[in-house]
Amino acid sequence: MLRREILRPDGSISGDSGPVLSIQETLDALERMLLSKRIDERAFSLQRQGRMGTYSAVRGQEASVVGSSLALDPSVDWIVPQYRELPALLRHGLSIEGFLSYWKGNSEAARIPDGVKVLPPQIGLAAQLPHAVGLAWGLQLQGDPGAVMTFIGDGGSSEGDFHESLNLAGVMKAPVVFLLQNNGWAISTPRSKQSAADTFASRGEGYGVPSILVDGNDLFAVSAAAREAVGRAKSGEGPTLIESQTYRLGAHNTADDPSKYVDSGEKLQWEELDPIPRVISYLRARDAITDAEIDDIEARNEAEVARAVDVLDTIGPASAETLFDHVSSTMSIRLRRQRDQILKGASR
Amino acid sequence: MLRREILRPDGSISGDSGPVLSIQETLDALERMLLSKRIDERAFSLQRQGRMGTYSAVRGQEASVVGSSLALDPSVDWIVPQYRELPALLRHGLSIEGFLSYWKGNSEAARIPDGVKVLPPQIGLAAQLPHAVGLAWGLQLQGDPGAVMTFIGDGGSSEGDFHESLNLAGVMKAPVVFLLQNNGWAISTPRSKQSAADTFASRGEGYGVPSILVDGNDLFAVSAAAREAVGRAKSGEGPTLIESQTYRLGAHNTADDPSKYVDSGEKLQWEELDPIPRVISYLRARDAITDAEIDDIEARNEAEVARAVDVLDTIGPASAETLFDHVSSTMSIRLRRQRDQILKGASR
Amino acid sequence: MTTMTMIEAIRSTIRQEILRDEKVMVLGQDIGKLGGVFRATEGLQAEFGEDRIVDMPLAEASIVGSAVGLSLSGLNPIAEIQFLGFAQQAYHQIVPQLARFRFRSQGRYSTGVTIRAPFGGGVRAPELHSDAIESQFTSVPGLQVVLPSTPADAKGLLTTAIRSEDPVLFCEPLKGYRLVKGDVPDDDYSIPFGELRIAREGTDVTLFAWSAAVQLAEKAAESLASEGISAQVVDLRTLVPLDVDGIREVVSATGRAVVIHEAPLTSGYGAEVVSTIQEEAFYSLEAPVARVAAPDVPYPNIGIEEVFIPNVDRVVSAVREVVSAE
Amino acid sequence: MTTMTMIEAIRSTIRQEILRDEKVMVLGQDIGKLGGVFRATEGLQAEFGEDRIVDMPLAEASIVGSAVGLSLSGLNPIAEIQFLGFAQQAYHQIVPQLARFRFRSQGRYSTGVTIRAPFGGGVRAPELHSDAIESQFTSVPGLQVVLPSTPADAKGLLTTAIRSEDPVLFCEPLKGYRLVKGDVPDDDYSIPFGELRIAREGTDVTLFAWSAAVQLAEKAAESLASEGISAQVVDLRTLVPLDVDGIREVVSATGRAVVIHEAPLTSGYGAEVVSTIQEEAFYSLEAPVARVAAPDVPYPNIGIEEVFIPNVDRVVSAVREVVSAE
Ligand SMILES: Cc1ncc(C[n+]2csc(CCOP(=O)(O)OP(=O)(O)O)c2C)c(N)n1
Ligand SMILES: Cc1ncc(C[n+]2csc(CCOP(=O)(O)OP(=O)(O)O)c2C)c(N)n1
Ligand SMILES: [Mg+2]
Ligand SMILES: [Mg+2]
């Protein structure tokens with residue numbers, strides 16, 4: 001299967017492709033990518049200081065996440081995330097502090113605001129996929145114009161839920177886009193041990209689901225693929241599987257030590273393919289950005305992250321009540337008694 | 001994907017293919033196919049008389065089951081069945097009465113004899129597939145020359161276990177053959193609602209597993225495909241997925257009423273493609289069989305079935321002890337007490 | 001009131017709810033033209049179309065998982081799992097997903113999916129079709145576990161399940177589908193969860209049961225009556241939520257209790273009932289609470305299922321012992 | 001004897017068994033170069049090769065399901081599930097498959113797979129990583145469920161599990177991996193299943209616990225001692241098979257009991273223990289058996305996990321009540 005590539009590592013545009021995004025859109029995307037990177041750095045240091053729980057960085061996958069999200073209209077479309085899609089969620093309406101609250105340990109503060117069409121992070125790998133299919137299918141049944149984009153990793157793609165979901169989406173022609181971020185790793189397990197398939201995109205055919213293979217570090221190629229897929233979904237033609245080939249440049253999460261298993265040569269190669277510099281090179285080559293403007297972006301992002309972290313620092317643990325309030329629509333007698341007893345003890 | 005066909009519905013051989021089986025082998029296969037058909041008929045009538053539990057017939061799929069099993073060497077190779085593979089299991093060493101005992105309700109009498117390399121029937125659809133992969137992988141690790149053939153239906157192929165098993169088999173290069181019998185139906189659910197894929201065989205690529213699409217009512221094409229696959233397994237080249245396109249000519253099982261959902265036109269078309277008459281036509285055209293010889297086969301089969309049913313009729317329910325004996329290698333104190341109490345009550 | 005079998009009560013309730021609320025839909029294996037392997041949806045696809053009564057690919061986890069998504073989209077799905085034993089294929093979608101969506105999202109989302117599944121022995125079904133595995137699901141916070149034993153309760157509880165914002169596992173007694181008949185209210189009829197039902201009055205001992213074991217308890221009570229023992233039969237109906245106060249009340253009155261279920265003894269839901277009884281009514285108890293259950297073995301092949309399933313004899317002798325203890 | 005942490009005891013036991021028996025192999029996620037996310041297999045792949053210590057694709061059902069097949073082929077697999085919560089993805093391979101292969105085949109086949117999985121709270125892990133879901137597995141005939149709380153028991157019980165012909169779910173206390181240290185016999189050391197361990201002597205009341213709750217019970221007993229209450233602590237170690245006679249014996253001596261576990265109350269394994277106590281030792285009981293458990297809610301996000309997990313205060317007040325009841 002041909003891998004779609006538009007924006008070359010050196011920032012030039014390949015062959016006959018026109019640019020997919022306007023300069024302004026590209027600048028905007030770059031700002032989101034840099035913001036993501038900044039948040040990653042900050043979250044890692046917060047975790048090291050004990051101000052944050054386990055955190056999984058997007059680093060290296062910014063083009064894949066930001067590029068795909070650009071195809072979505074936050075007012076009608078939905079994102080069904082795994083856990084490594086921060087900048088897509090921010091674009092869709094989450095706040096940085098809202099997202100980080102979850103990983104800090106306060107689900108109440110992390111509650112998805114009403115109207116924001118995003119589901120909570122998913123820890124059970126691939127378990128989100130049938131939800132995405134059902135949601136998309138349900139929107140379609142009700143004549144809702146929205147499409148659903150859901151994310152899954154190379155590792156998660158080995159779960160049975162992946163299969164059942166793609167197959168069902170194909171049968172129901174559900175308006176859903178499966179964005180498979182193949183970032184080379186599932187914690188320490190390399191892509192080569194995850195599957196003997198040449199590509200994950202080749203799985204689409206076995207479900208009657210069109211698929212696209214794309215350079216995941218190429219903002220333009222990812223955006224174009226996602227637009228095509230979302231367009232297909234919205235015109236009633238059903239699901240698409242996109243394999244976005246990218247690379248996790250950092251650790252799996254704050255608890256991981258990749259030096260145990262990552263080959264430094266491979267990592268170096270992928271650092272050459274970092275998705276952010278090539279967007280900058282592209283813009284520079286068009287005189288669309290200056291060093292000062294980059295500094296401005298970084299400063300804005302820095303200020304935004306500082307603001308968010310200030311808010312985050314004021315967010316303690318959720319109240320003890322939230323342990324009981326949202327289990328069911330009504331509280332059982334037994335749970336009410338358990339609650340009363342525990343809260344009495346807690347407030348002693 | 002090209003569908004492999006050798007033996008045409010009229011009994012002629014297509015194009016340039018030579019015959020796959022010798023005349024003697026073909027006669028032998030025919031006898032097995034006719035035996036299977038005879039057992040199906042008998043089991044249905046036994047069930048109607050209350051002398052048998054639920055039973056699933058092979059009818060229509062005889063070429064698929066017999067043809068694929070011919071590639072196996074019962075002394076080294078394993079069969080990991082679903083539940084609709086009777087003639088393959090007989091060839092592998094099960095007795096008719098042993099197999100039927102299971103469906104009559106006596107698992108003790110149905111115990112797979114030592115040395116027969118077959119697993120018990122599997123009711124949880126697709127749950128047998130990872131067992132087959134593990135078994136094959138284990139044989140390989142221990143330098144055992146055996147390969148494993150496992151069976152799965154078009155319906156069962158939608159389960160997550162199918163995906164996980166094919167993917168794992170690909171990664172481990174396990175010597176296993178997945179024989180997917182697409183018989184058009186999963187109870188009342190037609191193939192068209194099971195998956196939007198053109199073929200199930202197209203799923204192999206997504207796992208790096210070579211696949212073959214074959215006319216499942218064509219004894220020769222199925223045999224050839226299975227031989228190729230078993231050969232690949234035994235030479236260390238790993239798994240194969242075979243989609244055998246056949247048709248369930250009868251009810252799903254003795255509890256089913258296909259008149260509710262089967263289109264009689266479609267069924268009629270498939271009756272034209274019945275795998276048994278075409279083998280007879282083939283042999284007739286070569287003067288390799290006479291009507292009298294067919295009668296002989298039928299008579300031998302009839303006698304064999306009568307013998308088996310006689311034995312079966314002597315098989316009552318298993319003893320109450322067998323309820324307790326094989327739960328674990330040692331009986332817990334609690335279970336021993338439960339057992340003593342129940343057996344005391346039962347013998348009152 | 002109309003006299004109906006269990007399966008008729010279930011079918012008519014589903015139909016009534018589909019008519020009432022355009023958001024209600026049904027998904028499952030073979031539920032369309034075939035009307036389900038037990039005909040719970042017979043005729044419904046013809047009446048309401050393929051978008052409302054949906055034949056699904058053969059994959060239980062995606063039946064439940066997509067029902068979660070359909071529910072998030074604003075619809076109200078009823079998911080049929082052909083046999084409860086195959087809900088194990090969907091376990092990871094039921095337990096850590098469906099059951100805790102509201103909690104995980106701190107109330108932003110709710111997933112009011114109703115999962116219907118038949119189970120229970122004595123009908124000569126193949127392996128895994130009969131297994132009473134309700135206690136695999138009763139330890140799951142957020143999931144309501146409901147097991148009616150009569151057609152009227154089936155209607156009342158299924159109506160509540162479908163209308164509830166909360167996920168419900170609704171387990172139907174296979175054996176009772178056609179065997180158990182009863183009067184069912186014709187109008188809109190719902191029964192709140194968490195309220196036990198006294199199926200038979202009695203003063204010497206309380207028999208707790210649910211699903212098909214209720215009829216077993218009733219038969220045993222009948223037989224005990226002839227030897228002068230007055231046994232009360234209590235149908236718990238909903239295992240989660242459990243009617244803790246109701247249990248205290250009935251046991252306080254009789255002072256003796258036997259819990260009966262078709263599942264194997266160890267870690268069956270009977271354990272929870274016994275624990276609750278002794279927590280709530282210890283000082284009323286005049287004898288240890290007995291459990292009558294299947295032995296700790298897998299559900300066997302049909303030839304010996306009658307040895308496995310608790311029977312009247314076993315209930316009667318357990319009750320005799322409890323009643324005579326001092 | 002060597003003083004070891006829990007994780008060291010587990011690692012050295014696995015290594016010892018691999019050295020002992022060439023049929024033993026380990027499969028799981030990230031167990032090779034990384035040595036497992038908790039380093040239970042650290043260094044083993046380098047020592048024994050990729051065929052013995054196998055990094056598997058990310059699919060729990062196929063880890064268990066292929067272990068069944070490996071076992072049928074004559075090997076002796078240890079399957080690591082990264083966190084017990086993800087064993088739910090393999091539920092249909094564990095419960096109706098692995099656990100009943102011997103029964104289904106009437107003894108022709110056995111599947112002596114050992115599944116290892118860590119669980120338990122208080123370590124600030126993400127959702128589903130901490131959930132104490134042992135009671136999802138204790139109702140499964142054929143499956144042994146083992147939960148050590150000390151390094152020595154971990155060695156003794158894991159050795160038995162690996163050598164057993166029967167399938168074992170071996171649940172390891174995440175929190176204790178590095179925190180709990182103790183002396184571990186150097187030589188071959190195995191502990192039979194179904195024998196409880198008295199972790200602390202005491203005469204007024206018996207505290208039953210397993211896994212990390214044993215240390216909690218010990219702390220509570222320590223604190224109770226200072227107020228003059230002598231609490232015996234019993235580590236059940238294997239929930240299935242359960243030491244029914246041992247339970248009767250200890251409860252008969254003290255006449256009072258409290259069961260402590262980290263899982264939510266309803267249908268937790270505590271219910272089975274309470275039921276067993278009242279069946280076996282009813283007439284010795286001087287007070288209702290109390291359960292100290294988490295409330296009936298999903299395991300929460302880390303900010304409030306301390307509200308969820310049973311703590312010393314809750315154990316102490318439950319014990320006070322049980323001891324003062326008459
Ligand atoms: C069902 C399940 N099994 C195991 C885990 C533990 N786990 C968390 S992340 C991870 C690797 C995921 O890899 P991949 O899907 O490629 O996503 P990535 O982290 O690379 O974005 C594993 C094994 C889990 N969260 N869920
Ligand atoms: C996991 C599981 N789900 C549902 C069933 C109930 N069931 C038994 S056979 C069957 C249809 C199987 O169809 P297919 O796989 O095509 O095999 P076939 O019967 O056509 O040979 C179903 C749904 C089951 N046995 N196992
Ligand atoms: Mg990855
Ligand atoms: Mg079929």
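So that the names make sense, note that chain A is the first sequence line, chain B the second, and so on, each numbered from 1.
In D:E321, the CD atom is not crowded: 12 or fewer heavy atoms of neighbouring residues, nucleotides or ligands sit closer than 6.0 Å.
Residue with the most contacts toward chain C among D:A287, D:A263, D:P295, D:P300: D:A287 (heavy-atom pairs, distance under 4.5 Å). Ranked by heavy-atom pairs under 4.5 Å with chain D, the first of C:P264, C:A99, C:P96, C:G85 is C:P96. Ranked by heavy-atom pairs shorter than 4.5 Å toward chain C, the options D:V297, D:L239, D:L242 are led by D:V297. In terms of heavy-atom pairs under 4.5 angstrom with chain D, the leader among C:Y299, C:Y91, C:F86, C:F137 is C:Y91. Taking chain D as the reference chain and counting heavy-atom pairs below 4.5 Å, the highest number among C:R104, C:Q93, C:E279, C:R291 is found for C:R291.
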Would C:E60 and C:V64 count as a side-chain contact (heavy atoms from CB on, under 4.5 Å) here? Give the steps. CA-CA 6 Å; C:E60 289 77 11; C:V64 174; 5.8 Å; no
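The stretch residues 122-131 of chain C places C:E127, C:L128, C:D131 near chain D, each with some heavy atom under 4.5 Å from a heavy atom of that chain.
Side-chain contact between D:F208 and D:D235: absent, with no pair of heavy atoms (C-beta onward) separated by less than 4.5 Å.
No side-chain donor-acceptor contact under 3.5 Å links D:E80 and D:Q29.
A distance of 10.5 Å separates CD1 in D:I247 from OG1 in D:T206, rounded to the nearest 0.5 Å. In this structure, D:I277 CD1 and C:S275 OG are separated by 9.0 Å, a value rounded to the nearest 0.5 Å. Atom CD1 of residue D:I81 and atom CD1 of residue D:I94 lie 6.0 Å apart, to the nearest 0.5 angstrom.
Both the backbone and the side chain of C:V289 come within contact range of chain D, each with at least one heavy atom under 4.5 Å from a heavy atom of that chain. No part of C:I133 comes within reach of chain D, as not one of its non-hydrogen atoms sits under 4.5 angstrom from that chain.
Using a 4.0 Å cut-off between a side-chain N of Lys or Arg and a carboxylate O of Asp or Glu, D:R102 and D:D166 qualify as a salt bridge.
Paired with C:W210 under the rule side chain to side chain donor-acceptor pair (under 3.5 Å), one option of C:E134, C:H261, C:E262 passes, and it is C:E134.
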